[in-house]
Protein chains: 2
Amino acid sequence: MDTLETRELRYFMAVAEELHFGRAAERLGMAQPPLSRAIQQLERRLGVSLLKRNRRGVSLTGAGEMLLHEGRAALDATTAAARRTRRAGGADSPGGPRNRLVLAVKAGASHELLHKLLDAYAAEPDAAEIEVLPSGTCEQEGMLRDGRADVALMHAPFNSLAGFDSEELMTEGQIAILPAGHPLAAHRTLSLSDVSDIPDLPLARWSRHGTYPPGPGPEIHDQTQLAQLIALGRTVAVFPDSARAWLWAEHTAVPLTDAPPVVTHIAWPAHSRSLALAGLIRTATRL
Amino acid sequence: MDTLETRELRYFMAVAEELHFGRAAERLGMAQPPLSRAIQQLERRLGVSLLKRNRRGVSLTGAGEMLLHEGRAALDATTAAARRTRRAGGADSPGGPRNRLVLAVKAGASHELLHKLLDAYAAEPDAAEIEVLPSGTCEQEGMLRDGRADVALMHAPFNSLAGFDSEELMTEGQIAILPAGHPLAAHRTLSLSDVSDIPDLPLARWSRHGTYPPGPGPEIHDQTQLAQLIALGRTVAVFPDSARAWLWAEHTAVPLTDAPPVVTHIAWPAHSRSLALAGLIRTATRL
DNA sequence: CCCTGTCATACCCGGTAGGTATCACCGAGG
DNA sequence: CCTCGGTGATACCTACCGGGTATGACAGGG
């Protein structure tokens with residue numbers, strides 16, 4: 001049959017990501033032989049070869065790449081189904097837990113907008129409870145996809161809105177955040193090229209899923225770290241205007257003339273049919 | 001665990017749609033008791049009640065409704081993963097089957113556009129093979145979602161583009177298609193109200209998933225049926241301009257002044273990463 | 001040439017998915 | 001009021017298969 005069980009998908013994803021049966025089995029908490037057998041059965045059932053077993057490791061075939069991408073989406077959708085179902089549980093028992101929405105926001109971003117949104121929505125009649133879930137760098141997309149969140153504030157062009165429904169909420173320019181004493185801090189405006197190649201102030205490198213892009217700048221995974229490094233005169237950063245909310249006394253913000261504008265959207269899974277969500281979106285677009 | 005196996009999802013969907021354990025079990029090709037037990041286990045594992053077992057049948061709880069919607073998306077995503085993986089199978093073996101894209105189109109719609117697109121794309125260097133899959137009324141969305149198709153031509157506002165990436169290709173007006181001898185056929189233009197309430201020509205009702213909306217008009221599930229009924233003077237229909245391509249001698253087309261314009265898009269799953277698809281989209285937008 | 005690291009094979013065991021038989025319950029009729 | 005039909009739940013059994021351990025085959029590197 002063409003059924004493709006969740007367990008098989010999980011197994012294949014582990015092998016496809018590790019490209020090593022032993023490590024994949026360890027990650028799955030099982031022994032290597034049953035994993036090998038499961039993958040073979042999967043290949044037989046699909047009638048397709050997924051992995052090339054070279055001596056010295058494993059590599060993906062074209063079909064394997066396809067299953068890696070499509071399977072990720074499928075696994076996310078199933079865990080999303082489980083999470084959202086659990087969250088909806090008991091909401092219809094009278095006096096039970098209130099209908100609740102999880103809103104993912106990039107930690108520290110759009111503080112003022114978020115505040116206004118929450119206040120305005122709480123004032124609505126029969127507003128649901130909103131749980132604000134601060135997310136790491138650009139993690140809102142994954143959170144919507146795998147059901148950890150029901151709705152998110154996203155920032156184009158940093159987040160991709162592909163696959164979600166969304167409404168535009170706000171557009172803002174970007175600023176360079178410099179140490180207060182730095183010569184460039186005296187300028188009224190700057191351009192991206194001014195700040196991208198300052199010898200004594202290399203741009204910080206943000207953690208993306210635990211890895212860092214190459215470059216000379218310091219490694220960062222937290223806004224406070226970054227703020228401190230700027231204050232110490234070690235680096236410079238580029239942020240949307242609303243970042244002024246958390247600047248320190250030792251920081252100076254200078255508008256960037258040629259940085260792309262940042263557009264904040266409210267986004268949600270395209271197939272959502274929740275009344276509470278509709279209310280929140282309506283509130284947001286009216287702000 | 002929070003794993004949620006595909007099999008459990010399939011079982012629950014059957015029960016949730018039939019609202020009857022016996023019929024659901026029959027549809028699944030199994031006996032009723034194991035199905036009952038499987039649903040109970042699912043409820044225990046999720047820690048949520050999904051179904052209200054009233055005497056005389058079954059009904060969904062709030063959590064059940066949630067799992068019905070989210071589970072449909074999850075099941076579609078897994079079958080899409082299986083289908084697309086199978087289709088990609090062997091594409092990397094040299095001399096093996098060519099890379100192939102399945103393009104879903106509403107049967108009979110946008111004939112000229114489709115023709116131009118296929119011709120232009122076939123002329124591209126290293127074009128993939130395109131399989132054209134004619135779909136029923138508004139079924140392209142489902143076909144993209146469950147992997148029967150890789151890309152589709154969709155027609156706003158009839159198809160919803162929610163959850164897909166898309167590019168606009170063409171905008172056209174709509175026409176009323178009347179029996180040639182009918183008095184209204186003599187007009188140069190008409191408005192929607194002119195054709196919506198003609199006593200002797202009730203608007204046809206199209207099949208949506210096997211059911212028909214209520215109303216006086218004849219029941220239709222096929223364009224040829226409709227064309228014949230119009231030619232016989234039994235009904236009238238509203239179509240995009242490009243429907244002129246298949247008009248009969250006994251038909252008269254009259255432009256509608258106030259009908260919403262129909263926008264044809266090319267649409268594809270938001271997470272697609274296929275080179276062949278990218279080429280097709282590039283060709284389409286350049287037409 | 002052996003040793004190491006890799007994935008595949010052989011074999012065994014226990015959990016569980018599925019089947020059959022039956023129960024418990026309620027609504028509808030006579 | 002009792003019975004009968006139709007619902008989902010329970011009890012029990014069996015067989016399959018998912019998972020474990022032990023081992024094999026095979027290639028590279030010291």
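A note on names: the letters A, B, ... follow the listed sequences, proteins ahead of strands, and every chain is numbered from 1. Predicted model only: the values in this text are computed from it and were never measured.
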message: If you define the side chain from C-beta out and look only at heavy atoms, does anything of Ile281(B) sit under 4.5 Å from Asp165(B)?
response: no
- request: Can you tell me the distance, in whole Å, between the CZ atom of Arg23(A) and the C1' atom of dC7(C)?
  value: 13 Å
- line: From CD of Gln32(A) across to P of dT9(C) the rounded distance in Å is 11 Å
Side chain proximity check, Met13(B) to Leu68(B), heavy atoms < 4.5 angstrom: yes
query: Given atom NE2 of His20(B) and atom C1' of dA9(D), what is their separation to the nearest angstrom?
result: 14 Å
query: Which one, dA9(D), dT20(C), dG8(D), comes nearest to the side chain of Pro34(B)?
result: dT20(C)
query: Under 3.5 Å, is there an N or O donor on one side and an acceptor on the other linking the side chain of Gln40(A) and the base of dA8(C)?
result: no
- prompt: Of the candidate nucleotides dG19(D), dG18(C), dT7(D), which contains the atom at the shortest distance from the side chain of Arg7(A)?
  reply: dG19(D)
task: Whole angstrom is fine here: how far is it from CG in Leu19(B) over to P in dT7(D)?
output: 13 Å
- line: Gln41(B) CD to dA9(D) P, in whole Å, measures 13 Å
message: Would you say that Ile39(A) contacts Phe21(A) through its side chain, given a criterion of any heavy-atom pair below 4.5 Å between the two side chains?
response: yes
message: Side chain of Pro33(B) only, heavy atoms from C-beta on: which candidate in dT9(C), dT20(C), dG18(D) is closest?
response: dT20(C)
task: Please tell me which of the listed nucleotides, dT21(D), dG18(C), dA8(C), lies nearest to the side chain of Met30(B)?
output: dG18(C)
- prompt: When you measure from the side chain of Phe21(B), which nucleotide among dT20(C), dA8(C), dA9(D) comes out closest?
  reply: dA9(D)
task: Find out whether Ser59(A) and Asn54(A) are in side-chain contact, i.e. whether some heavy atom of one side chain is under 4.5 Å from a heavy atom of the other.
output: yes
query: With respect to the side chain of Ser36(A), which nucleotide from dT21(D), dG19(D), dC7(C) is positioned closest?
result: dC7(C)
- request: Round to a whole Å and report the spacing from CD of Glu8(A) to P of dC17(D).
  value: 12 Å
query: So which nucleotide from dA17(C), dG8(D), dG20(D) ends up closest to the side chain of Arg37(A)?
result: dG20(D)
task: Name the nucleic acid region contacted by Glu5(A), choosing base, sugar-phosphate or nothing; use a 4.0 angstrom heavy-atom cut-off, strictly under.
output: nothing
- line: Glu26(B) atom CD is separated from dT7(D) atom P, nearest whole Å, by 11 Å
field: Minimum-distance nucleotide (side-chain atoms of Arg53(A) versus dA8(C), dA17(C), dG18(D))
entry: dA8(C)
statement: Exactly one of Arg27(A), Arg10(A), Arg23(A) clears salt bridge (Lys or Arg N to Asp or Glu O under 4.0 Å) with Glu17(A), and that residue is Arg27(A)
- request: Starting at atom CZ of Arg44(B), determine the distance to atom P of dA9(D), rounded to an integer number of angstrom.
  value: 12 Å
